[in-house]
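Notes follow the structure.
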Amino acid sequence: MRDRRFDRAVYRLVSRIPPGRVATYGQIASLLGYPRAARAVGSALKRCPPDLPWQRILNHRGGISLRANVSGMITQRILLEREGVPLQRGRVDLARYCWAGPRRRPAVKLPALGKL
DNA sequence: TCCGTGACACAAG
DNA sequence: CCTTGTGCCACGG
């Protein structure tokens with residue numbers, strides 16, 4: 001332990017979220033294969049490297065989860081709006097701005113689709 | 001190694 | 001909508 005594998009996996013994935021899109025803590029955890037480790041994702045972000053687009057991670061309701069950190073909440077909102085993600089009533093419309101997940105190119109060529 | 005700690009999620013009241 | 005209570009799990013001390 002002490003090598004922070006999980007944290008680094010989180011950073012790797014979060015760094016792939018494009019500007020203008022967001023993801024939830026639970027979504028990141030699930031994509032990493034630990035559907036119940038949403039909380040650990042939050043802990044990881046708390047210690048994340050300065051260049052990580054941490055602002056793109058929201059709670060499952062599309063809200064900002066920085067606890068009692070007023071300046072942090074403001075910062076996150078500014079950063080999101082700056083890249084085109086608006087908050088309304090304190091929430092981002094996840095149905096609209098949620099990231100689809102990492103794009104996996106097909107490992108093998110798919111069979112022909114046939115007529116269409 | 002054991003134990004407390006959360007930038008969470010979800011269900012119930 | 002808001003308020004608990006419970007489950008969870010990697011980290012750090």
Side-chain angles (χ1 to χ4, degrees):
Chain A
M1 122 189 268
R2 290 301 181 279
D3 56 352
R4 304 187 5 159
R5 311 179 164 259
F6 183 81
D7 281 23
R8 289 183 308 188
V10 169
Y11 305 151
R12 228 169 27 225
L13 188 55
V14 171
S15 69
R16 300 186 57 172
I17 304 173
R21 308 245 70 158
V22 299
T24 67
Y25 296 95
Q27 185 187 350
I28 294 300
S30 293
L31 286 171
L32 290 176
Y34 296 81
R36 310 193 158 172
R39 218 170 170 175
V41 171
S43 297
L45 289 184
K46 175 181 59 181
R47 308 181 283 269
C48 77
D51 53 310
L52 198 81
W54 58 272
Q55 72 275 19
R56 295 172 194 157
I57 306 304
L58 304 166
N59 63 34
H60 71 121
R61 290 153 55 175
I64 288 173
S65 278
L66 299 178
R67 297 197 195 269
N69 181 350
V70 184
S71 67
M73 292 187 68
I74 296 175
T75 301
Q76 182 164 11
R77 179 166 188 160
I78 302 276
L79 290 173
L80 284 173
E81 295 186 326
R82 182 176 291 174
E83 53 186 50
V85 179
L87 279 86
Q88 286 173 11
R89 283 188 297 255
R91 297 191 191 182
V92 166
D93 180 354
L94 290 181
R96 189 137 85 175
Y97 296 95
C98 192
W99 181 40
R103 281 283 173 190
R104 298 243 180 218
R105 61 178 169 77
V108 192
K109 199 168 191 188
L110 266 48
L113 291 175
K115 57 202 164 195
L116 158 51

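Chain A is the first sequence line, chain B the second, and so forth, proteins listed ahead of strands; every chain is numbered from 1.
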Can you tell me the distance, in whole Å, between the [atom1] atom of [X] and the [atom2] atom of [N]?
| X | N | atom1 | atom2 | value |
| --- | --- | --- | --- | --- |
| A:Leu45 | C:dC11 | CG | P | 12 Å |
| A:Arg67 | B:dC8 | CZ | C1' | 8 Å |
| A:Asp7 | C:dC9 | CG | C1' | 12 Å |
| A:Ile17 | B:dA7 | CD1 | C1' | 14 Å |
| A:Leu79 | B:dA7 | CG | C1' | 14 Å |
| A:Arg5 | C:dC11 | CZ | P | 10 Å |
| A:Lys46 | B:dG4 | NZ | P | 16 Å |
| A:Tyr11 | C:dA10 | OH | C1' | 11 Å |

Return the nearest nucleotide to the side chain of [X]; candidates are [options].
| X | options | answer |
| --- | --- | --- |
| A:Ala38 | C:dC8, B:dA9, C:dC11 | B:dA9 |
| A:Tyr34 | C:dG12, B:dG6, C:dA10 | C:dA10 |
| A:Asn59 | B:dA9, B:dA7, C:dG12 | B:dA9 |
| A:Arg39 | C:dA10, B:dA9, B:dG6 | B:dG6 |
| A:His60 | B:dA7, B:dA9, C:dC11 | B:dA9 |
| A:Arg36 | C:dC9, B:dA7, C:dG12 | C:dC9 |

Looking at A:Arg47, I'd like to know whether one of its side-chain N or O atoms comes within less than 4.0 Å of OP1 or OP2 on C:dA10.
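For C:dA10, OP1/OP2 do not have a side-chain N/O of A:Arg47 under 4.0 Å.
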side-chain N/O A:Arg91 vs C:dC1 OP1/OP2, d < 4.0 Å:
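Yes, because at least one side-chain N or O of A:Arg91 sits under 4.0 Å from OP1 or OP2 of C:dC1.
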How far does [atom1] of [X] sit from [atom2] of [Y], to the nearest 0.5 angstrom?
| X | Y | atom1 | atom2 | value |
| --- | --- | --- | --- | --- |
| A:Leu87 | A:Gln76 | CG | CD | 8.0 Å |
| A:Leu58 | A:Gln27 | CG | CD | 10.0 Å |
| A:Ser65 | A:His60 | OG | NE2 | 8.0 Å |

Do A:Leu31 and A:Trp99 touch side chain to side chain, with heavy atoms closer than 4.5 Å?
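SC-SC contact between A:Leu31 and A:Trp99 confirmed.
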I'd like to know if A:Val92 and A:Ile78 are part of one continuous hydrophobic network [Ile/Leu/Val/Met/Phe/Trp/Tyr, side-chain heavy atoms within less than 4.5 Å].
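As far as the 4.5 Å side-chain criterion goes, A:Val92 and A:Ile78 are not connected within one cluster.
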Select base, sugar-phosphate, or nothing to describe what A:Phe6 touches, counting heavy atoms under 4.0 Å on all strands.
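Here A:Phe6 touches the backbone only, sparing every base.
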Find which nucleotide of DNA chain B each of A:Arg61 and A:Ser43 is nearest to by heavy atoms, and output the residue with the more 5' nucleotide.
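Upstream on the strand: A:Ser43.
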